[in-house]
Number of protein chains: 2
Amino acid sequence: MAQKIATTSGDKENDGTRRPRVPTMKQIAEEAKVSIKTVSRVMNNDPAVKEATRGKVMDVAGTLGYRPNTPARTLVTGRSKTIGLLISDIGNYFFSEIVKGVQVATEEEGYSLLLCDTGENPDTELRCVDLLLGHKVDGLILSSSRLKDDQISNVAKYSDVVLCNRTHPDEKVRSVCIEDNALHLATEHLIELGHRHFGYIGGPVRGRAAWMREEGCREVLARHGFEKPIVASGFPVSIEGGYEAMNWILDVKPEVSAIVTYNDMLAIGAMKAVQARGLKVPEDISVVGFDDLNFAAHTNPPLTTVSVPIFRFGYKAAQLLFGAIRPNGDDTPHSDVIKCHLVIRSSTGKVKA
Amino acid sequence: MAQKIATTSGDKENDGTRRPRVPTMKQIAEEAKVSIKTVSRVMNNDPAVKEATRGKVMDVAGTLGYRPNTPARTLVTGRSKTIGLLISDIGNYFFSEIVKGVQVATEEEGYSLLLCDTGENPDTELRCVDLLLGHKVDGLILSSSRLKDDQISNVAKYSDVVLCNRTHPDEKVRSVCIEDNALHLATEHLIELGHRHFGYIGGPVRGRAAWMREEGCREVLARHGFEKPIVASGFPVSIEGGYEAMNWILDVKPEVSAIVTYNDMLAIGAMKAVQARGLKVPEDISVVGFDDLNFAAHTNPPLTTVSVPIFRFGYKAAQLLFGAIRPNGDDTPHSDVIKCHLVIRSSTGKVKA
DNA sequence: ATGAAAGCGCTAACAT
DNA sequence: ATGTTAGCGCTTTCAT
């Protein structure tokens, strides 16, 4: 028996192609013969409803296929159960893994995730932030943000903010960073192997993380009193970019025996370039990467690299954010550092005698 | 001079840590001495406003830092300028690249993107769909959906739907697929090289795409009257899984000379396993992958694989969706097929005499 | 334990 | 070219 669902009015002839009207609390209330507020209470798990009433309401809601209207709720409460995530390139495994970590934590919390890809462009980033704020996101995770400190402070006035891979003077702004020390270990490792002539292949030109890593390499060498590394920067952060960068280094300073890179992609490209010149890795030149992507163990030769628990990185960022969002979450930690470790494989070896 | 912004009422003592009240159209209207509807018109680029008025409103909006309240607009219009995207594993390059394609198209359209990762779980997928529908998304892209046809039909009643890599009988449901023929080419290529004993390493066990590819391989062999391939399935779709699968095949049927795989990750693992046994690729065994991931050209040996323009895949899916969403978009195409081609590198060669 | 009324910020339908 | 009114679906007082 086809059940006719009562609508308030204007129950236009359903021409078959139109979308069915989705049920509202009002309809549930009428059908279940309770007030609209009681329906609301049931939907919000308010304990102050009799089991019988709750059951009745749930039944009706079930058969009608009721689904709470998030925007309506957001309008009145000011909270959307949604967070925003900004990243600079989702095609990059590093970021996609961050997204995964954030996504998992978000789902655990019963939240939704609005994603924006800014392409490392500060203007796009600002537009995205506005867009997300317009959506009334309860919080924002900014990964490799290109914004200025005061711009971020400004955003933090309107929403809780967590920064990935960047610190911020404003104590309202939370952040989670990769342990800077990690690249030091890589450099030390090469020093122990006897290397003295270093090359460094850099990452995104204006990125903070890129700068920190480059500095880390320089610092360790300086501390040991060795000569400065030759730095190749401005190349695309890709296998191809690493290839070109390595060729440039080999042209300019052929005596290098150890190459430290911003990430695994560059390292792979660098190894290719070395091999293309008839040289061998690691016999002639050692190369170390950063990230430990899932195929780093499967390159030729297997890549020595700094292993970063990227998923945990994203997961942590989201947890920090929810710590801020949750009522009484003010006493949760405001920052975190993700520990990394060096994975020694076969792309590094003793310097030639 | 600090400007005091007038608020309607209840201008509570700002205790310094509270969020500032965000301006509304009403405030803009008062400040600019126009009606709230005029502000609305300006914000919606209604041409029927005098330039002078528009300028005045824009000015006030600018200084007050006005930002339209999306949920409020959504509540009244029923449209959120947001689409939902469901994928099964964002850590997988294939999906992250789809996300990228969708994201770019979405941004071009001035829309926002809600992302869910379902982990290939139909229940999670259903929950996510409900969540997104609750957000009033204007459309939904389902990538490798595990839902049943009628479940999808049901979703399509409430929102425009585009399927990635799956067709659907319901004509309301749009879809974009990878050309099934692609894997045929790979198999034919191996046949031309003289191979007769095939192995196939399969993908996700209940996935449609996985099944189509496996069938494609079988079909081509059958057409040529060659023996059936030995099929390794149920292994994790990863380098490690490929490694194990290949070992299994080598144990069970050592005479295989050609391996077709569901994707590049499996192919890389397979090559590893072959090499670990002291055999050579392609001299002893040829291997072909699928996807042409960015590092497929850099494996050892460089991988022969079916190149899939994944970005375009996602981009197309979003375009199809916006075609449906846009008013008068009914006459736009309802499905599309993404062409692939075989990239012959060095992991395939003539069969040993 | 439940209900009535007000209103969140915006747009649609009708004025003028 | 601009304004008025009503109401989207929900939650928040405040009653009862």
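To find a chain, count down the sequence lines: A is the first, B the second, and so on, and within it residues start at 1.
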### Message
So, does Asn69(A) get its side chain near the phosphate of dC8(D), meaning an N or O under 4.0 Å from OP1 or OP2?
### Response
no
Quick test: give all pairs of protein nitrogen or oxygen and nucleotides 12-16 of chain C nitrogen or oxygen below 3.5 Å, distance rounded to 0.1 Å.
unit_1, atom_1, unit_2, atom_2, d
dA12(C), N7, Lys37(B), NZ, 3.2

#### Entry: Electrostatic pair Arg54(A)-Glu51(A), nearest N-O below 4.0 angstrom
yes
### Message
In the structure I gave you, are the side-chain heavy atoms of Glu109(B) and Arg326(B) within less than 4.5 Å of one another anywhere?
### Response
yes
### Message
I need the CD-P distance between Gln27(B) and dC10(C), as an integer number of Å.
### Response
9 Å
### Task
May I ask you to evaluate whether Ser35(A) reaches the phosphate of dG3(C), defined as a side-chain N or O under 4.0 Å from OP1 or OP2?
yes
## Note on the structure
Arg79(B) CZ to dC8(D) C1', in whole Å, measures 15 Å
### Query
Looking at DNA chain C, which of residues 46-59 of chain B put a heavy atom within less than 4.0 Å of it?
none
### Query
For His135(B) and dC8(D), what is the distance between atoms NE2 and C1' respectively, to the nearest whole Å?
18 Å
### Query
Rounding to a whole Å, what distance do you find between Ile36(B):CD1 and dG9(C):C1'?
7 Å
### Task
Give a yes or no on whether a salt bridge exists between Glu107(A) and Arg127(B), defined as a side-chain N under 4.0 angstrom from a carboxylate O.
yes
### Task
Taking Thr77(B) for its side chain and Arg73(B) for its backbone only, find out whether a donor-acceptor pair lies under 3.5 Å.
yes
### Task
Return no unless some side-chain N or O of Ser40(B) is found under 4.0 Å from OP1 or OP2 of dC10(C).
no
### Task
Would you kindly give the CG-to-P distance between Leu75(B) and dC8(C), to the nearest whole Å?
13 Å
### Summary
Atom CG of Asn44(B) and atom P of dT2(D) are separated, to the nearest Å, by 15 Å
### Query
Ile28(B) CD1 to dG9(C) C1': how many Å, rounded?
12 Å
### Presence of Tyr66(A) side-chain N/O under 4.0 Å of dC10(D) phosphate oxygens OP1/OP2
yes
### Query
Are Tyr158(B) and Arg67(A) side-chain neighbours, meaning at least one heavy-atom pair lies under 4.5 Å?
yes
#### Entry: Arg312(B) with Asp336(B): basic N within carboxylate O range, under 4.0 Å
no
### Query
In terms of side-chain geometry, is the basic nitrogen of Lys172(B) or Asp160(B) positioned less than 4.0 Å from the acidic oxygen of its partner?
no
### Non-hydrogen atoms of Ala105(B) and Phe322(B) that approach each other most closely
O-CE1, 3.8 Å
### Query
With a 4.5 Å heavy-atom cut-off, do Asn69(A) and Thr24(A) have their side chains touching?
no
### Task
Find the distance Asn45(B):CG to dT11(C):P and express it as a whole number of Å.
12 Å
#### Entry: Side-chain ion pair, Asp149(A) and Arg166(A), N-O less than 4.0 Å
yes
### Message
Quick one: does any side-chain atom of Thr74(B) pair with a main-chain N or O of Thr70(B) as donor and acceptor, under 3.5 Å?
### Response
yes
### Message
Please determine whether a side-chain nitrogen of the Lys or Arg among Lys81(B) and Asp138(B) lies less than 4.0 Å from a carboxylate oxygen of the Asp or Glu.
### Response
no
### Task
Look at the side chain of Arg73(A) and decide which nucleotide, out of dT11(D), dG3(C), dT11(C), has an atom nearest to it.
dT11(D)
#### Entry: Axis deviation across the helix from dA1(C)-dT16(D) to dT16(C)-dA1(D), five-pair ends, to the nearest 10°
30°
